[in-house]
Amino acid sequence: MDPTMNKLLKWSVQNSQQQNADGTVTAPPSAAEASRNLTPDMINALMGGPSDADLMKAAMEVLHSDESDLENKLIAFDNFEQLIEGIDNANNLEPLGLWTPLVRLLKHEEAEMRRMAAWCIGTAVQNNEKAQDKLVVLNAIPDLVCMATADPNPAARKKSVYALSSAVRNYQPAMNELVKSLPEGYPTEKTDAGDMEAVDLIMDKLRAHPVESS
């Protein structure tokens with residue numbers, strides 16, 4: 001059975017009138033109480049609408065479609081970023097196979113696409129060790145450092161620093177990858193990912209990194 005439908009079945013049983021062993025009847029909870037246990041995916045299933053997973057996959061298809069113009073791609077990116085603000089959806093990026101196509105967009109020819117890709121990555125990995133680990137496995141830290149120090153678009157550079165900041169805080173493997181990827185003049189010794197002052201110093205330096213004009 002589909003996981004969402006299984007949850008709906010359990011919700012229905014838990015929120016229906018039940019007869020107890022002693023013959024008494026337990027009344028169902030009020031509508032307000034019952035609705036607290038309904039997730040967006042369950043509501044979508046009840047209403048016949050797409051799940052968050054469906055919306056995430058559809059957005060990624062638009063982002064990689066040659067038939068979609070930049071305006072529609074940016075709308076899809078904005079919707080995608082809002083969806084992955086929830087940690088459950090962020091953790092669904094891996095089983096849905098969306099991490100690799102997302103990271104690939106860091107190298108898109110359009111600056112706005114690179115900016116949005118970095119923004120979405122930063123949102124997904126923030127306070128999320130599972131997503132932070134995936135970013136390390138995909139070797140995306142060097143790409144983000146390259147963006148932060150060399151991208152000609154200031155907005156794209158800013159979002160890449162945001163993504164790096166979210167990726168390394170309190171997650172040592174990502175911090176170790178960051179230190180290895182930093183250009184000359186940055187800290188080369190091991191930096192504690194839990195030392196927020198040290199992290200902020202690196203991020204401030206990245207924000208101020210001089211970029212050659214093209």
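Note that the structure is a prediction, hence the values are computed from the model and not measured.
Membership of an apolar cluster is not assigned to V137, as no side-chain contact below 4.5 Å to another ILVMFWY residue is traced. Other members of the cluster containing V62 do not exist, because no ILVMFWY side chain is joined to it at under 4.5 Å.
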task: Check the pair I121 / L106 against side-chain contact (heavy atoms from CB on, under 4.5 Å), numbers first and verdict last.
output: CA-CA 10 Å; I121 288 171; L106 290 173; 3.8 Å; yes

- prompt: Hey, mind stepping through M56 and M60 against side-chain contact (heavy atoms from CB on, under 4.5 Å) and telling me if it holds?
  reply: CA-CA 6 Å; M56 290 162 64; M60 190 58 69; over 6 Å; no

task: In sequence, state the C-alpha distance, the side-chain angles, and the governing distance for D133 and K130, and then conclude on salt bridge (Lys or Arg N to Asp or Glu O under 4.0 Å).
output: CA-CA 5 Å; D133 181 66; K130 185 176 180 180; over 6 Å; no

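The heavy-atom pair separating A118 from A163 by the smallest distance is O-CB, 3.4 Å. S181 and I141 get closest at one heavy-atom pair: OG-CG2, 4.4 Å. In terms of heavy-atom proximity, M147 sits nearest to R114 at CE-O, 3.7 Å. Nearest heavy atoms, I84 versus C120: CD1-O, 3.3 Å.
From Y186, atom OH reaches atom OG1 of T149 across 7.0 Å, with rounding to the nearest 0.5 Å. Atom CD of residue E67 and atom CD of residue E61 lie 11.5 Å apart, to the nearest 0.5 angstrom. A distance of 4.5 Å separates CZ of F77 from CG of L105, quoted to the nearest 0.5 Å. With values rounded to the nearest 0.5 angstrom, H108 atom NE2 is found 8.0 Å from L70 atom CG. Taken from CG in D52 to CG in N79, the straight-line distance is 11.0 Å, to the nearest 0.5 Å. Here CG of L102 is found 8.5 Å from CG of L63. Values are rounded to the nearest 0.5 Å.
A single hydrophobic cluster is seen to contain both L93 and M113, as judged by linkage of ILVMFWY side chains at heavy-atom distances under 4.5 Å, directly or through other members. Residues V199 and Y171 do not share a hydrophobic cluster, clusters being chains of Ile/Leu/Val/Met/Phe/Trp/Tyr side chains in contact below 4.5 Å. There is a path of hydrophobic side-chain contacts, each under 4.5 Å, that joins M203 to V125. V145 and V136 fall into different hydrophobic clusters, where Ile, Leu, Val, Met, Phe, Trp and Tyr residues are linked whenever their side-chain heavy atoms come under 4.5 Å apart, directly or through other members.
At a threshold of 4.5 Å between non-hydrogen side-chain atoms, the residues N170 and M196 count as touching. L206 is listed as a side-chain neighbour of L182, based on a closest heavy-atom distance under 4.5 Å.
Annotation: salt bridge (Lys or Arg N to Asp or Glu O under 4.0 Å) contacts of E177 (sequence neighbours excluded): K180.
Screening V168, N128, L144 for a side chain to side chain contact (heavy atoms under 4.5 Å, CB included) involving L135 leaves a single residue, L144.
For residues 187-202, the side-chain hydrogen bond (donor to acceptor under 3.5 Å, both in side chains) pairs, not counting sequence neighbours, are R169-D200. For residues 69-78, the pairs satisfying side-chain hydrogen bond (donor to acceptor under 3.5 Å, both in side chains) are D69-N72, D78-Q82, with sequence neighbours left out.
Of the possible donor and acceptor atoms, none in the side chain of Q126 sits under 3.5 Å from a partner among the backbone N and O of S166. Not one N or O on the side chain of K107 forms a donor-acceptor pair closer than 3.5 Å with the backbone of D143.
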May I have the list of side-chain donor-acceptor pairs in residues 152-159 shorter than 3.5 Å, sequence neighbours left out?
unit_1	atom_1	unit_2	atom_2	d
N153	OD1	A155	N	3.0
N153	OD1	A156	N	2.9
R157	NH1	D151	O	2.7

